[in-house]
There are 2 protein chains.
Amino acid sequence: MKFEKLKKELMNRNINLSYHRMKILEYLDKNRCHPTVDQIFTDIQKTIPTLSKTTVYNTLKKLVEEDLVRVINIEDNETRYDINTEEHGHFKCETCKTIFDFEIKLESIPNDGLDNFKVFDRHVYFKGICPGCLRV
Amino acid sequence: MKFEKLKKELMNRNINLSYHRMKILEYLDKNRCHPTVDQIFTDIQKTIPTLSKTTVYNTLKKLVEEDLVRVINIEDNETRYDINTEEHGHFKCETCKTIFDFEIKLESIPNDGLDNFKVFDRHVYFKGICPGCLRV
DNA sequence: TACAAGTTTGTAATAATTACATTATACTAT
DNA sequence: ATAGTATAATGTAATTATTACAAACTTGTA
Ligand SMILES: [Mn+2]
Ligand SMILES: [Mn+2]
Ligand SMILES: [Zn+2]
Ligand SMILES: [Zn+2]
C-alpha cells in the first residue's frame with residue numbers, strides 16, 4: 001500500500017494522524033526492508049531527537065492492531081515489521097541477513113489436516129542463501 | 001523421532017549424553033506441545049532442583065545446532081522448541097493458545113520467485129481458532 | 001472556557017537472552 | 001593410576017526487548 005493510501009486508511013478508521021505516527025508510517029513506507037523497532041527508532045531519532053522508543057512501540061502496536069502493518073518473527077530475539085500486508089512469503093539469507101519478499105499463493109498450500117480449523121492468518125518463511133551471496 | 005533413536009543419534013555424533021541433557025531430551029520427547037525454555041526449566045527443576053536455566057539454554061542450543069530440535073517463532077517474545085523435526089506446519093489457536101501440528105508438503109508450495117535461491121529451511125504457521133474452541 | 005479522549009513521554013519493572021569466569025566431569029595418553 | 005585436555009554445567013552479571021504506569025501535553029468539542 002502506498003503512503004497516501006495508508007494515510008487515508010488511517011483517517012477512515014478515525015485514527016489520529018499525529019506527527020510521530022506520520023513519520024513512523026513514512027519510514028515504514030520508505031524502508032521496506034522489514035526493520036526492527038530499534039532500527040526504526042534509531043533512524044527517526046536523527047530527525048526527531050525527542051522521539052521516545054515507547055512511542056515507536058505504541059505506534060506499531062496500533063498499526064498492527066489495525067492490520068496496516070504485519071509482524072514478522074523469523075529469528076528469535078528480533079521482531080520485525082512489514083508495511084506490506086499483501087500476501088507474500090519471506091526468505092531470509094543466512095549470510096547477508098537480508099529478508100526478501102517472494103510471491104506465494106497461500107491458499108494453494110494443501111492442508112488437509114485443518115478441515116475444522118478457522119484460519120485467519122498464514123505465514124511462510126524460508127531460510128537459505130540468496131543469489132548474491134551464492135555468487136561469491 | 002523416538003527417544004531411543006535420539007539417544008543413538010547423539011552418540012553417533014559424539015555428543016556427550018550427560019544426565020541433564022538426557023532429562024531435557026526426555027522432557028521434549030514426552031511433552032510435544034512445543035514448550036518454552038521456561039516451561040522446560042520449571043518442570044524439570046521439580047525433579048532436579050539444581051538445574052540451571054542456562055543449562056537448558058545451552059542444551060537446546062546444542063540440539064538445535066545438531067538439527068535434533070527445531071525452533072518455533074510464532075509469537076514475538078516466546079521462543080518454543082519442537083523435538084519433531086519432520087516436515088510439518090503449525091497452527092496456533094488464538095483462543096486456547098495451543099499449537100497444533102499439521103501435515104504439509106512444503107515442496108509443493110509454489111515459489112517461482114526463488115529460482116536462484118538456495119533454500120535450507122521452510123517454515124509455515126497459521127493462526128486462527130481450533131475446532132474445540134469453535135464449538136463453544 | 002472546560003471537559004473528555006487520545007498522544008507522547010519518561011521512568012521503572014519484567015523478562016528473555018547472552019557473556020563470561022569458575023568448577024566439575026569425562027576421556028585420552030602416558 | 002595420573003596428568004592433561006576437552007567438554008559440560010553452574011552462577012552471576014550484563015544486555016536487551018518489551019510492558020506497565022503515571023504524568024504532561026494536544027486536540028476537538030460541548
Ligand atoms: Mn515482506
Ligand atoms: Mn510441531
Ligand atoms: Zn545474502
Ligand atoms: Zn483452541
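- Going from atom CG of A:N16 over to atom P of D:dT26 covers 13 Å, rounded to whole Å.
- Side-chain atoms of B:E9 do not come within 3.5 Å of backbone N or O of B:L68 as any donor-acceptor pair.
- Mapping B:I15 and B:S52 onto DNA chain D via the closest heavy atom, the residue that lands nearer the 5' end is B:I15.
- Bounding nucleotides for the chain B contact on DNA chain C, 5' to 3', at a heavy-atom distance below 4.0 Å, are C:dA16 to C:dA26.
- Here B:N16 pairs with nothing under the side-chain hydrogen bond (donor to acceptor under 3.5 Å, both in side chains) rule; sequence neighbours left out.
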Which atom pairs, one a donor and one an acceptor, fall under 3.5 Å between side chains of residues 116-136 of chain B and the rest of the protein, sequence neighbours left out?
unit_1, atom_1, unit_2, atom_2, d
B:D121, OD1, B:R70, NH2, 3.0
B:D121, OD2, B:H123, NE2, 3.3
B:H123, ND1, A:Y125, OH, 3.4
B:Y125, OH, A:H123, ND1, 3.3
B:K127, NZ, B:E75, OE2, 2.9

Could you tabulate the donor-acceptor pairs under 3.5 Å formed by side-chain atoms of residues 43-50 of chain B, not counting sequence neighbours?
unit_1, atom_1, unit_2, atom_2, d
B:D43, OD1, B:K46, NZ, 3.4
B:D43, OD2, B:Y27, OH, 2.5

Sugar-phosphate or base contact per nucleotide [nucleotides 12-25 of chain D; S, B, -; heavy atom under 4.0 Å]: B----SBB------

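- At a threshold of 4.5 Å between non-hydrogen side-chain atoms, the residues A:L25 and A:L10 count as touching.
- The existence of a salt bridge linking B:K92 and B:E78 is confirmed by a sub-4.0 Å separation between a basic side-chain nitrogen and an acidic carboxylate oxygen.
- In this structure, A:H88 and A:D82 have side chains that are in contact, with non-hydrogen atoms separated by less than 4.5 Å.
- Annotation: salt bridge (charged side-chain N to carboxylate O under 4.0 Å, His left out) contacts involving residues 51-63 of chain A, sequence neighbours excluded, comprise A:D38-A:K53.
- The CG atom of B:L17 sits 10 Å away from the P atom of D:dA8 (whole-angstrom rounding).
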